[in-house]
Each structure stands twice: as structure tokens, then as C-alpha cells.
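Since the structure comes first, as C-alpha cells, the remarks are kept for the end.
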Amino acid sequence: MKLSKAWRLGMKDMQQILPPHRHRGQLKKPTWIIVLVSLVCMFLVVSYIHPPQTSSSCYIFSTSTCQTFSSWLPPLFRELRDDEIASSVVIKNLLNMPPIESKSPKIAFMFLSVGSLPFEKLWDMFFQGHEGRFSIYIHASKDKPVHTSRYFVNREIRSGKVEWGTVSMVDAEKRLLANALKDLDNQHFVLLSDSCVPLRDFDYVYNYLMYTNISFIDSFTDPGPHGSGRYSQHMLPEVEKKFFRKGAQWFTMKRQHAVIVMADNLYYTKFREYCKPGMDGVNCYADEHYLPTFFHMHNPNGVANWSVTHVDWSERKWHPKSYEKKDISKELLKNITSITESVHVTSEERKETMIMPCMWNGMNRPCYLFARKFLPETLDSMIELFSNYTTKA
Ligand SMILES: *[C@@H]1O[C@H](CO)[C@@H](O)[C@H](O)[C@H]1NC(C)=O
Ligand SMILES: *[C@@H]1O[C@H](CO)[C@@H](O)[C@H](O)[C@H]1NC(C)=O
Ligand SMILES: *[C@@H]1O[C@H](CO)[C@@H](O)[C@H](O)[C@H]1NC(C)=O
Ligand SMILES: *[C@@H]1O[C@H](CO)[C@@H](O)[C@H](O)[C@H]1NC(C)=O
């Protein structure tokens with residue numbers, strides 16, 4: 001609004017300052033240039049201080065011209081509020097602290113489930129022989145799980161209700177992280193669902209996650225209705241639309257990042273209040289936007305931007321493909337484990353596809369360690385194939 005007012009003022013000034021055509025002769029040439037240059041400067045200064053926040057406020061340009069125009073401007077100076085300054089120093093300090101030394105570093109496997117985990121037997125094969133290098137946490141939101149693997153017995157944490165699409169999903173993730181952080185040996189944290197299966201053997205997964213300094217958090221810009229279309233202006237001033245990101249919720253996170261998530265209340269609250277089903281008439285899902293946006297704002301180079309959990313969206317339906325017993329073959333698993341590029345597709349009409357090589361410590365590597373969504377009926381086939389498909393990549 002301020003921009004357009006300033007512009008209109010500018011126009012009015014211009015009419016006053018610039019004499020009508022017939023009087024041009026009265027104004028000497030240099031004066032002309034000075035006036036013009038000052039007007040352009042004034043306009044730039046005003047737009048710099050009060051950048052257009054909605055496309056409606058820049059009606060003087062077509063929307064796309066307006067966006068192009070505002071992207072020319074240098075990064076915007078905005079005076080941070082007290083809680084933003086506090087948040088920013090806490091995050092910066094945590095990022096600069098050396099990681100906690102551990103004599104027996106472990107990976108925390110955090111399972112988010114409704115009740116029993118259908119793939120416990122498969123995970124049991126995965127964990128066997130690696131005692132002391134992993135710990136398991138289960139958040140069973142509804143039913144008490146029945147265990148088929150000794151590694152999973154008594155690993156449930158106190159859980160809360162999880163309603164699909166609401167912030168309660170993020171709350172469950174935070175509850176798992178908090179419990180897993182209690183063990184100082186846990187250095188990397190993996191979030192998994194009850195339909196997830198391992199794609200590699202334990203050593204491969206351990207080395208992949210431990211010997212890198214990034215978190216595998218999925219994050220991309222989706223200008224479409226299922227991306228930025230879910231953004232609410234209520235998130236201002238802390239979360240600007242240009243920072244809004246989307247990504248699958250299945251992350252792996254280094255300890256430092258897990259602590260930062262625990263420390264955050266400011267951005268969490270913004271997403272809890274303004275990214276929810278039915279917000280401003282659209283359905284926003286905090287579990288798909290909070291962490292991607294938060295880390296994009298505070299540590300963009302600390303996250304890989306893809307998730308190490310594979311999922312097949314190629315059918316372009318509301319839900320990803322669920323693998324049935326008849327789908328399981330050595331070839332399918334070979335196909336998934338040989339993928340070395342991550343693919344993101346935007347939700348606009350033109351469905352733009354973005355392909356990015358999966359870079360691990362500067363090397364192009366296979367992207368995936370885990371996969372979903374596997375139906376319980378695939379368990380026996382997966383067990384039969386496990387040692388085959390995990391042996392050689
Ligand atoms: C990760 O380590 C590499 C060198 O091994 C370094 O260049 C990079 O800045 C580090 N990244 C982060 C987020 O610490
Ligand atoms: C992830 O994407 C952001 C831009 O959104 C970029 O700045 C960052 O470097 C990317 N991370 C890696 C590890 O490439
Ligand atoms: C595996 O990939 C090949 C080559 O892209 C494809 O032709 C084949 O159908 C895939 N098989 C399965 C089971 O997905
Ligand atoms: C596993 O691999 C071995 C040798 O590569 C092969 O003989 C066997 O048939 C495979 N098993 C299955 C279930 O594919």
C-alpha cells in the first residue's frame with residue numbers, strides 16, 4: 001500500500017515539479033536531469049524500505065513485472081523484533097558449537113506409527129549384529145504395539161494423539177526428538193513411519209549418515225497451490241512468502257539441528273497458528289512446511305534438500321504409490337537403490353520438474369536409504385530379498 005501511495009505522491013509531485021510541455025523551455029537541461037534522477041532515486045528508496053508485500057499493492061505493474069522488480073532490490077532491511085533477535089542468536093550459537101564427542105556414537109531410529117510396526121522382523125535383520133550403534137524410539141499414537149523383535153521391546157515413548165495434517169504430527173516428531181536427545185550418544189536422528197523399509201545394510205546407512213555434516217531434510221520451492229499457495233500473510237513479519245518451502249516430513253537430522261528444533265518456539269508457534277487445515281480457506285500442513293522453511297531460513301547449506309526416504313509419486317494421485325506383494329522384486333529394489341538424482345515436481349498447472357543430483361560430501365551418490373509406502377503383505381517377500389538387495393549396490 002505504501003508503495004502505491006508513494007508512487008501516486010510521486011506522480012503528483014512530478015506533475016507539479018515537471019512543468020507542462022509548453023513551458024519546457026523555462027527549465028534548463030541539467031535541472032531536468034537532476035529532477036529525473038532524484039525522482040528515480042526516491043522511488044527506489046521508497047520501494048526498498050516498503051517493498052510490495054502483495055501483488056495487489058503493486059497494481060501499477062503487472063504481477064510478474066512487479067515480482068521481477070522487487071527481486072532486483074538488494075536484501076531488505078527490516079528491524080528484527082526482540083524474540084527474532086533472541087531466536088537468531090540462539091540458532092547461530094548452536095550452529096557454531098562443536099558437536100558433542102561420543103565414544104560410541106549411535107543413530108536414533110524414531111518410528112512414528114499408529115500401533116504395531118508391520119516390518120519389525122525386517123528391521124530386526126537390519127539391526128542384527130550392530131548392537132551399541134543404534135537406538136530405537138517408537139511413538140505409537142493409538143494402539144500399544146505388539147513386538148516381534150527384541151530390539152523394539154519397551155522402546156515406546158509416552159505418545160500423544162496424532163491427527164493427520166495438523167500440528168500434532170510435528171508435536172509427535174518433537175516428542176521423539178526430545179526423548180532421543182536424552183541419550184548423548186545419539187548423533188543422528190532418523191524419522192520413519194510404519195510403512196518404511198530399509199534399502200541398505202546397517203553399515204551403509206550408518207556411514208552415510210554419520211560421515212557427513214548435513215541433515216537430510218527435503219526442501220524445495222513450489223509456487224503452486226500445494227506449495228506457496230498454502231502460505232498465510234499472518235506469518236509475517238517473521239516468515240516471508242519468499243522463504244516458504246515444502247518438503248516430505250521424513251527427515252534425518254544431525255544432533256545440532258535436533259537441538260535447534262527443540263530450542264525453537266517462535267517459528268513453531270507461527271506454523272501452529274497459521275499453517276493448518278482450513279487456514280484462510282486453504283489447507284496448510286505444518287509437517288510439510290515448518291522444518292523445510294525453518295532450516296531454509298536459518299541454515300540453508302546445512303540441509304541436503306532431499307529426503308533419504310524414497311516414495312513414488314509418479315501416479316500423481318493424492319497419495320503416493322503403496323507397494324503390494326505383487327510389486328516386490330529384486331528389480332524394483334535395484335531400481336530404487338540406483339537412483340542418484342532427486343526429483344521435485346511443482347503443483348502448478350505446468351508441473352515444473354526440478355532434478356538435482358544427490359551430492360554426498362561433494363560426490364554424486366545414491367539418494368535413498370529407506371523407502372515407503374510398503375503394505376504389510378510385502379513383509380515375507382522383503383525378508384526373502386533383504387540380504388540379496390542390500391549386499392551390492
Ligand atoms: C561441511 O563440511 C565441509 C567440509 O568437509 C564444509 O565445507 C562445509 O561448510 C560444512 N558444512 C556445514 C553446514 O557445516
Ligand atoms: C539447499 O537449497 C538451498 C536453496 O534453497 C541452497 O542454498 C543450499 O545450498 C542447498 N543445500 C545444498 C546442500 O546444496
Ligand atoms: C526398473 O527400471 C527400468 C528402467 O527404467 C524399467 O524399465 C522397469 O520397468 C523398472 N522395473 C520396476 C519393477 O520398477
Ligand atoms: C539371491 O541372490 C543369489 C545369488 O545372487 C541367487 O542365487 C538367489 O536366487 C537370489 N534370491 C532371490 C530370492 O532372488
Side-chain angles (χ1 to χ4, degrees), residues 71 75 91-92 95 188 197 199 208-224 227-228 231 239-254 256-257 260 267 288-317 320-346 352-369 371-375 377-378 381-382 384-386 388-390 392-393:
S71 65
I91 294 168
K92 282 213 178 83
L95 284 174
H188 207 100
V197 298
L199 289 176
Y208 198 104
L209 298 178
M210 285 297 203
Y211 298 107
T212 187
N213 55 3
I214 58 171
S215 294
F216 294 91
I217 298 173
D218 191 27
S219 175
F220 73 109
T221 314
D222 178 358
S228 308
Y231 172 81
V239 185
E240 292 174 42
K241 192 170 188 173
K242 66 178 183 211
F243 294 133
F244 200 67
R245 288 293 179 282
K246 178 176 171 154
Q249 79 181 109
W250 310 104
F251 61 72
T252 86
M253 214 180 258
K254 56 179 181 174
Q256 213 176 29
H257 281 165
I260 288 173
Y267 298 91
E288 290 184 357
H289 299 282
Y290 164 53
L291 293 176
T293 306
F294 178 65
F295 282 104
H296 175 67
M297 289 177 69
H298 291 287
N299 193 204
N301 294 320
V303 296
N305 299 323
W306 87 87
S307 163
V308 289
T309 299
H310 178 265
V311 68
D312 182 359
W313 282 105
S314 64
E315 294 176 349
R316 305 241 163 124
K317 293 191 186 145
K321 179 176 174 59
S322 283
Y323 296 102
E324 297 170 26
K325 194 177 173 69
K326 64 173 168 56
D327 299 321
I328 307 304
S329 66
K330 210 175 161 175
E331 193 194 355
L332 171 76
L333 293 156
K334 192 166 174 288
N335 276 5
I336 299 176
T337 50
S338 48
I339 299 170
T340 56
E341 286 173 335
S342 86
V343 177
H344 285 124
V345 182
T346 64
E352 198 189 332
T353 302
M354 290 165 286
I355 299 173
M356 187 180 67
C358 293
M359 301 302 287
W360 184 89
N361 289 356
M363 293 172 277
N364 190 193
R365 284 292 208 82
C367 305
Y368 302 113
L369 304 178
R372 57 192 281 267
K373 302 178 98 173
F374 284 68
L375 293 176
E377 65 182 44
T378 63
S381 316
M382 290 300 290
E384 205 178 308
L385 284 172
F386 183 74
N388 258 12
Y389 75 75
T390 53
K392 220 54 247 115

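Counting starts at 1 for both ligands and their atoms, following the listed order.
Using modelled atom types, one finds no donor on one side chain facing an acceptor on the other under 3.5 Å when comparing Thr340 with Arg365.
Annotation: Val303 places an N or O atom under 3.5 Å from an N or O atom of ligand 2; distance criterion only.
Looking at atom 8 (C) of ligand 3, its nearest protein heavy atom turns out to be Glu331 OE2, 3.5 Å. Here the protein heavy atom with the shortest distance to atom 6 (C) of ligand 3 is Asn335 ND2, 4.1 Å. Looking only at protein heavy atoms, the nearest one to atom 3 (C) of ligand 2 is Asn305 ND2, 3.7 Å. The protein atom (non-hydrogen) at minimum distance from atom 7 (O) of ligand 2 is Asn301 OD1, 3.7 Å.
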(Q) side chain to side chain contact (heavy atoms under 4.5 Å, CB included) for Phe220 and Met356? Distances and angles first, verdict last. (A) CA-CA 11 Å; Phe220 73 109; Met356 187 180 67; over 6 Å; no
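For ligand 2, the atoms lying closer than 4.0 Å to a non-hydrogen atom of His296 are 4 (C), 5 (O).
Contact annotation: the side chain of Tyr323 approaches that of Leu332 to within less than 4.5 Å [non-hydrogen atoms, C-beta and beyond]. Side-chain atoms of Leu209 and Leu369, non-hydrogen and from C-beta on, do get closer than 4.5 Å to each other.
Residues Gly247 and Pro292 approach most closely at N-CG, 3.7 Å, considering heavy atoms.
A centroid separation of 6.0 Å or more is found between the aromatic rings of Phe251 and His257.
In Met359, neither the side chain nor the backbone holds a heavy atom less than 4.0 Å from any atom of ligand 2.
Taking a distance limit of 4.0 Å, we find that atom 11 (N) of ligand 3 is approached by some protein heavy atom.
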